[in-house]
Peer 1: 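Next up is a structure, given as structure tokens.
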Amino acid sequence: MDTDRTLLDLVIETAPDAIVTIDGRGKVLSFSPAAERMFGYSPEEVLGRNISCLMPAPHRQQHDGYLARYKATGEKRVIGIGRQVQAQRKNGEIFVAEIAVGEWCNDGQHVFTGFIRDLTDRLEAERKAARLQRMLDRLSRVQMLGEMSSALAHEISQPLAAITSFARATGRVLGDRDSENDKARLYLDRIATEALRAGEILKRMQQLVERGKADLRPQDINELMRESVALSNLQPDQASYEIRFDLADDLPPVLADRIQIQQVIINLLRNAAEANGDEDQDDVHVSTALFQDKKAISVHAKRNDADEVLVTIGDGGPGLPEEISERLFEPFVTTKENGLGIGLAVCRTIIKAHNGKIWADTNAEGGADFHFTLPVAAMP
Ligand code: ADP
């Protein structure tokens, strides 16, 4: 019996969650060490007091009512169920906690045990991840717009140049002696001037997009890879996929714009996940072995001879579509029904701005391997 009691004490003393027991009227009977750390009270300060001192308003005032209602109706709102509640530390700080309550009854005397977990760190991490995700989504849209306008500018500037030349040529054909054609010549001249102006606007727009400079700093590529994988899995509309990592552990820092390279990795991961499809979700495996099972995505990072780090993202999908294999990285090239064909073009622009290279080939499994390189950051 004694041994049991010691063991129980040990469990309570070492439990990472706070354990607090109260009687049927809400009086605190015990307060575990984790509860002391969580709430900032010593046991002497709370033992015998009403548990409501650990709650913010309006629960502080209403908790006695909750207990009375339970006693009268037997309706369980938290007992045996567990829920998120607001709690208050001694210093007044209010935090979100998860509480599960167990009940014990003897001779009509109730004892409730509350197991309380502080969710502050978890919620903060979730908020941070969601914030990062929103930032990336926004950036991705801006980059797509940039890429699209740049491609549009390229496409439209040729017909505009042709309009200018034809207008000028027609003006010359009309000759300059015949005053009846004065008006027509004037209009043709205007057409040529307007077309030139439109061309200038497009050129400036293109320059603006291309000037979007990368903020290059030494970065740990493996960390970037892990972060991007975590972020890409957060997408609610994306079927989750397992990822096999094969990251060399002696890599030097690379010179990279953190957010932009995350964008590249996420784009490639999404394409890989889409190529894998989701019919065989059960077949997706994680392993650190050689790239062998189909339907898994492998992520590699290693150093090459040219003082660059090579990143590869491979999948077990059908491989590169032959009809567009030469034009994969061009804007608006897509084989997907709802595809924009912009993702890989964005990747190419970003990698080029990093002085790296990007290319794709078919892997041994018949799936696609997308590779890119980043220069190693020079040591100070
Ligand atoms: P989108 O995904 O909108 O089509 P992308 O530029 O990202 O635009 O991709 C262009 C095309 O490249 C895709 O439509 C697809 O045909 C091909 N592609 C990209 N990634 C892969 C991959 N991992 N496996 C096979 N084909 C791919």
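Every heavy atom of this structure was used, including side-chain atoms; hydrogens, water molecules and symmetry mates were not. Read the numbers this way: they start at 1 and go in the same order the structure lists the ligands and their atoms.
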Peer 1: Measure Phe370 to ligand 1 on non-hydrogen atoms and call it side chain, backbone, both or neither using the 4.0 Å cut-off.
Peer 2: side chain
Peer 1: Taking heavy atoms and a distance under 4.0 Å, where does Leu268 meet ligand 1: side chain, backbone, both or neither?
Peer 2: neither
Peer 1: Tell me whether Gly317 reaches ligand 1 (any heavy atom closer than 4.0 angstrom to a ligand atom).
Peer 2: no
Peer 1: Between CG of Asn355 and CD of Glu308, what distance do you get to the nearest 0.5 Å?
Peer 2: 9.0 Å
Peer 1: Tell me, which protein residue and heavy-atom name are nearest atom 9 (O) of ligand 1, and how many Å apart are they?
Peer 2: Leu344 CD1, 3.6 Å
Peer 1: So with a 6.0 Å cut-off around CZ of Arg258, is the heavy-atom count from everything else above 12?
Peer 2: yes
Peer 1: Nearest to atom 26 (N) of ligand 1, what protein heavy atom do you find, and at what distance?
Peer 2: Pro321 CD, 3.5 Å
Peer 1: Tell me which protein heavy atom sits closest to atom 15 (C) of ligand 1, plus the residue, atom name and distance to 0.1 Å.
Peer 2: Thr335 OG1, 3.5 Å
Peer 1: Can you list the ligand 1 atoms lying under 4.0 Å from a non-hydrogen atom of Ala275?
Peer 2: 22 (C), 23 (N), 24 (N)
Peer 1: How far is atom 12 (O) of ligand 1 from its nearest protein heavy atom, and which residue and atom name does that atom have?
Peer 2: Leu328 CD2, 3.3 Å
Peer 1: Just do the side chain to side chain contact (heavy atoms under 4.5 Å, CB included) check on Tyr70 and Glu103 with the steps written out, would you?
Peer 2: CA-CA 12 Å; Tyr70 172 61; Glu103 179 188 15; 2.6 Å; yes
Peer 1: Under 4.0 Å, heavy atoms only, figure out whether ligand 1 is touched by the backbone of Asn267, its side chain, both or neither.
Peer 2: neither
Peer 1: Please confirm whether Gly319 comes under 4.0 Å of ligand 1, counting heavy atoms of the residue only.
Peer 2: yes
Peer 1: Does Lys336, at its NZ atom, have more than 12 non-hydrogen atoms belonging to other residues, nucleotides or ligands within less than 6.0 Å?
Peer 2: yes
Peer 1: Would you indicate whether the side-chain heavy atoms of Asp361 and His371 approach each other to under 4.5 Å?
Peer 2: yes
Peer 1: If you have a sec, work out which protein heavy atom is nearest atom 23 (N) of ligand 1 and how many Å separate them, to one decimal?
Peer 2: Asp315 OD2, 2.8 Å
Peer 1: I'd like to check which ligand 1 atoms, numbered from 1 as shown, lie under 4.0 Å from a non-hydrogen atom of Thr334.
Peer 2: 1 (P), 4 (O), 14 (O)
Peer 1: Would you mind listing which atoms of ligand 1 come within a distance below 4.0 Å of any non-hydrogen atom of Ile342?
Peer 2: 6 (O), 8 (O)
Peer 1: Please report the C-alpha distance between Arg89 and Asp118 in whole Å, then the side-chain angles of each, then the deciding distance to 0.1 Å, and finally whether the salt bridge (Lys or Arg N to Asp or Glu O under 4.0 Å) criterion is met.
Peer 2: CA-CA 11 Å; Arg89 300 188 220 278; Asp118 188 339; 3.0 Å; yes
Peer 1: So, Glu124 and Arg127, do they make that salt bridge, N to O below 4.0 Å?
Peer 2: yes
Peer 1: Report, in ascending order of atom number, the atoms of ligand 1 lying under 4.0 Å from any heavy atom of Val333.
Peer 2: 10 (C), 11 (C)
Peer 1: With a 6.0 Å cut-off (strictly less than), is the heavy-atom count around CZ of Arg190, excluding the residue itself, greater than 12?
Peer 2: no
Peer 1: Do Leu340 and Phe332 land in one hydrophobic cluster if side-chain heavy atoms of ILVMFWY residues count as linked below 4.5 Å?
Peer 2: yes
Peer 1: Does Gln61, at its CD atom, have more than 12 non-hydrogen atoms belonging to other residues, nucleotides or ligands within less than 6.0 Å?
Peer 2: yes
Peer 1: Do me a favour and list the nearest non-hydrogen protein atom to atom 2 (O) of ligand 1 with residue, atom name and distance?
Peer 2: Lys336 NZ, 2.6 Å
Peer 1: Return the residue, atom name and 0.1 Å-rounded distance of the protein heavy atom closest to atom 1 (P) of ligand 1.
Peer 2: Gly341 N, 3.7 Å
Peer 1: With side chain to side chain contact (heavy atoms under 4.5 Å, CB included) as the criterion, how do Asp189 and Arg185 come out once you've worked through the C-alpha distance, each side chain's angles and the decisive distance to 0.1 Å?
Peer 2: CA-CA 6 Å; Asp189 201 39; Arg185 266 198 308 276; over 6 Å; no
Peer 1: With heavy-atom distances below 4.0 Å as the criterion, list the atoms of ligand 1 near Gly339.
Peer 2: 3 (O)
Peer 1: With a cut-off of 6.0 Å (strictly less than), are more than 12 heavy atoms of other residues, nucleotides or ligands near CZ of Phe166?
Peer 2: no
Peer 1: Considering only the protein, which heavy-atom contact is closest to atom 19 (C) of ligand 1, and what is its distance?
Peer 2: Asn271 ND2, 3.5 Å
Peer 1: Atoms of ligand 1 less than 4.0 Å from Ala368 heavy atoms?
Peer 2: 22 (C), 23 (N), 24 (N)
